[in-house]
2 protein chains.
Amino acid sequence: MAATMKDIARRTGLGLATISSYFNGGNVREKNRIKIEEAIEELHYEVNEVARGLKTNATKTVGVVIPELNNVFCAEIISGMEDILRSHGYAAIVCDCRTDKKLEKEAVDFLTRKRVDGIINMPVDMTGAHLNEFQKTGKPIVLIDRMIQGISCDCVLVDNVNAAEKAVGMLVEQQHQKIGLIGGPDEVFTARQRMLGYMKALKDHGIAVDEKLICHGDYTIQGGVQAVEELVKENPDMTAVFVTNYEMTMGAVIGLNEMGVSMPEEISLVGFDNLPFARACRPALTIVSQPTEKIARETAQIMLERLEGREELPDHIVRKLQTDIFMGKSIRRQG
Amino acid sequence: MAATMKDIARRTGLGLATISSYFNGGNVREKNRIKIEEAIEELHYEVNEVARGLKTNATKTVGVVIPELNNVFCAEIISGMEDILRSHGYAAIVCDCRTDKKLEKEAVDFLTRKRVDGIINMPVDMTGAHLNEFQKTGKPIVLIDRMIQGISCDCVLVDNVNAAEKAVGMLVEQQHQKIGLIGGPDEVFTARQRMLGYMKALKDHGIAVDEKLICHGDYTIQGGVQAVEELVKENPDMTAVFVTNYEMTMGAVIGLNEMGVSMPEEISLVGFDNLPFARACRPALTIVSQPTEKIARETAQIMLERLEGREELPDHIVRKLQTDIFMGKSIRRQG
DNA sequence: ATGAAAGCGCTAACAC
DNA sequence: GTGTTAGCGCTTTCAT
């Protein structure tokens, strides 16, 4: 068995309180400090965070619930957050819910039992029932990327309407008129926002929205492959496509490749996320680039402030970040 | 505050032991079972795993220490493992140590304090000092992908020598002689194995190993870009390259793209990992494909067996998995 | 089948 | 500054 504070007390002849005080930054006489440190060394003592957590009612652990770890956007954000959280002494329990509403609820309940101090969640859809019970504990929730109806809590978003608007705007400027959209699932917040931006850009330039040019993918690679094949087949006059997440962008590129449709000669393309991938494509892809690092940082910081911070925080913080465009060579000037 | 078992005891008029027994699959009189379940419902009771963990000396939590979450190979494996572990009631605390030996040690100590029941680790290098203290607890360690000197524990590996041999063999069969290698850091186990396979393939075909054709990258995208630029510049007679991980493969493709070197006309390429990326490239890449899903499954299963299983397990289990080759069009027949 | 009580390792009053 | 002690929420003997 591992050594306990009792062992240290016995070995040093000191009381438990002194040892505890040593670990919690209290004042301990120089002499005793040395004795304690010797004992720690010899016994290989490590604080038992479980016991501490039971007593203090704080586990120094936050739960992270995401739709798909195996998704570069998510992975980058988690990687960034975990770094910051751990450097503040917090562990991150990651739960990948496979874009499954039921698994998402189970994950939150699981984390509730584990008594995490807070939950960071990129929700599967726009409903928030899975968080209701946890919210009753009064512990903080920070949402990433997607707002939720009926849950009021902190939230770090990306300005997706604007992102899509800029992307489609660029295509229009190059004289494209028949622009396909490979959108995401209708129940996903970001998907709706990006679609909104697409429509707005068209309308602002006096181009009619054509339902036949809109395809709802499922944010997966295979979904992107299918979507682009469908769009190309159904719309011989289509000259450009806007793809609204990374996995589908990759899928669209695969689809064009395998159909032998040349880019940008036959189809121009604007994709989403993952700069290295865009650079690796031939020709390099023009893409919307999301500030994953910043999202990670903001999210972790808000969580830490709720956990450790002064109370003078607003009821719920909403942060909205802007995207960038990386200019590749996947857009051809039309006409 | 959340409800406790005491609250349920009070509400049902039963003793603590009965409630506990209910939760642990003991026999409880039908009548009482119903009363308990009603109370749970009304009080929104959820077991406090922290308290349980303190008592049972088992947190139902495993630590996962990896060099880089932001690396598709790692992300896929974690995603698969986490799924299995959670379905068995285990949480996964993920620690990304940024390929930093010091951070890796800190992560393990951190997890020790958190009293995780076991650690899964993809080690940064071939030394294992960071695990020594944890191993003294007698709790299980499962290593992924990389063996370690001086630590004897379970281990799930990929046959990297064979993988590299097959890859280079294919190039030789297409009459390539001047084959560059973009290898990994010398202190990384897999990197050495893949280099070994490269050399073995050359030797077996009577081709001399040329130091100038070997480049040690750092397993990052940018490293791949630099490596390929260097190789191409230094070796005008080089006709093919073998790249030994996904990030560098992407980097090599970017490098060739940006230098305007055509593939496979000027340079043939065999890459590593990530089938979708290989398909998205133009032309599609021929790559070595690792069985990430299987690695995840094997690792999680070994860990679970150590945690829950019968004692009749061998001292340390070593599993070695084979790779596949995905045939793209990035190899040109030479001569 | 159920209840009473001890104790897991720690923190935080409180007393000195 | 340091020691004593109660108790966080649970499991687990040991009686009954």
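Worth knowing before you read on, the calculation uses all heavy atoms, side chains too, and leaves out hydrogens, waters and symmetry mates. Here is the naming used below: chain letters follow the sequence lines, and residue numbers restart at 1 for every chain.
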Between B:K114 (NZ) and C:dG9 (C1'), how many Å, whole number?
-> 15 Å
With sequence neighbours left out, the residues meeting salt bridge (charged side-chain N to carboxylate O under 4.0 Å, His left out) with A:R86 are A:E82
For the side chain of A:D96 and the backbone of A:L69, is there at least one donor-acceptor N/O pair under 3.5 Å apart?
-> yes
Sorted by first residue and then second, give each salt bridge (charged side-chain N to carboxylate O under 4.0 Å, His left out) pair with at least one member in residues 114-127 of chain A; sequence neighbours left out.
-> A:K101-A:D125
Please report, rounded to the nearest Å, how far the C1' atom of D:dG1 is from the NZ atom of A:K35.
-> 13 Å
Within this structure, what is the CZ-to-P distance between B:R29 and C:dA1, rounded to whole angstrom?
-> 8 Å
What is the nucleic acid contact for B:V28, judged by heavy atoms within less than 4.0 Å: base, sugar-phosphate only, or nothing?
-> sugar-phosphate
Return no unless some side-chain N or O of B:T18 is found under 4.0 Å from OP1 or OP2 of C:dG3.
-> yes
When you check every protein heavy atom under 4.0 Å of nucleotides 6-16 of chain D, what one-letter string (B, S, -) results, 5' to 3'?
-> -BBBBBB----
Between D:dG3 atom C1' and A:R10 atom CZ, what is the distance in whole Å?
-> 16 Å
Euclidean distance, atom CZ of residue B:R113 to atom P of C:dC10 [Å, nearest integer] = 13 Å
Only pairs under 3.5 Å count here: list side-chain donor-acceptor contacts from residues 13-23 of chain B, not counting sequence neighbours, and write none if there are none.
| residue | atom | partner | partner atom | Å |
| --- | --- | --- | --- | --- |
| B:S20 | OG | B:N24 | ND2 | 3.4 |
| B:Y22 | OH | B:E37 | OE2 | 2.8 |

Qualifying salt bridge (charged side-chain N to carboxylate O under 4.0 Å, His left out) pairs, either residue in residues 127-137 of chain A, two or more places apart | A:E133-A:K136
Please collect all salt bridge (charged side-chain N to carboxylate O under 4.0 Å, His left out) contacts where either partner lies in residues 58-80 of chain B, sequence neighbours excluded, each pair once.
-> B:K60-B:E308
For B:N27 and C:dA1, give me the distance from atom CG to atom P, rounded to whole Å.
-> 5 Å
